[in-house]
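Everything on this sheet refers to the single structure shown next.
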Amino acid sequence: MEQNKELKAQIADLHKQMEEKDKNIQQLWQKCVDTQIKYDNLVSAKVLARDSDEAQKARKRLSGLVRNIDRCIALLNKQE
């Protein structure tokens, strides 16, 4: 009977951990979606950039967003 209680407690703990991980995955996924939107906006801005200084700034921002997307993907892959 005692073992049954311990197993139920372990199951409840595992369910709680799963819920936390699911919530974390959802947050990371939303961050990736947001970053993708920012990336798309920057690509559009790059096309509209008139001088090389603006284009260089857009490239730097774009590179940062791509790194952020890569980090998000890595975190999502790590969660699986």
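The first residue of the sequence shown is numbered 1, and numbering continues consecutively from there.
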- Task: Could you pull out all residues at least two apart from L7 that satisfy side-chain contact (heavy atoms from CB on, under 4.5 Å)?
- Result: Q3, Q10
Could you pull out all donor-acceptor pairs under 3.5 Å where a side-chain atom in residues 20-31 meets a protein atom, sequence neighbours excluded?
| from | atom 1 | to | atom 2 | distance (Å) |
| --- | --- | --- | --- | --- |
| Q30 | NE2 | D34 | OD1 | 2.9 |

- Task: Identify the heavy atoms of T35 and L65 that sit nearest to each other, and give their distance.
- Result: CG2-O, 3.5 Å
- Task: Report the distance from atom NE2 of H15 to atom CG of D13, rounding to the nearest 0.5 Å.
- Result: 10.5 Å
- Note on the structure: Here the pair of heavy atoms bringing Y39 nearest to V66 is CE1-CG2, 3.9 Å
- Point-to-point distance, once rounded to the nearest 0.5 Å, from CD of Q36 to SG of C72: 10.5 Å
- Item | Point-to-point distance, once rounded to the nearest 0.5 Å, from CG of L62 to NZ of K60 | 13.0 Å
- Task: Find out whether I69 and C32 are in side-chain contact, i.e. whether some heavy atom of one side chain is under 4.5 Å from a heavy atom of the other.
- Result: no
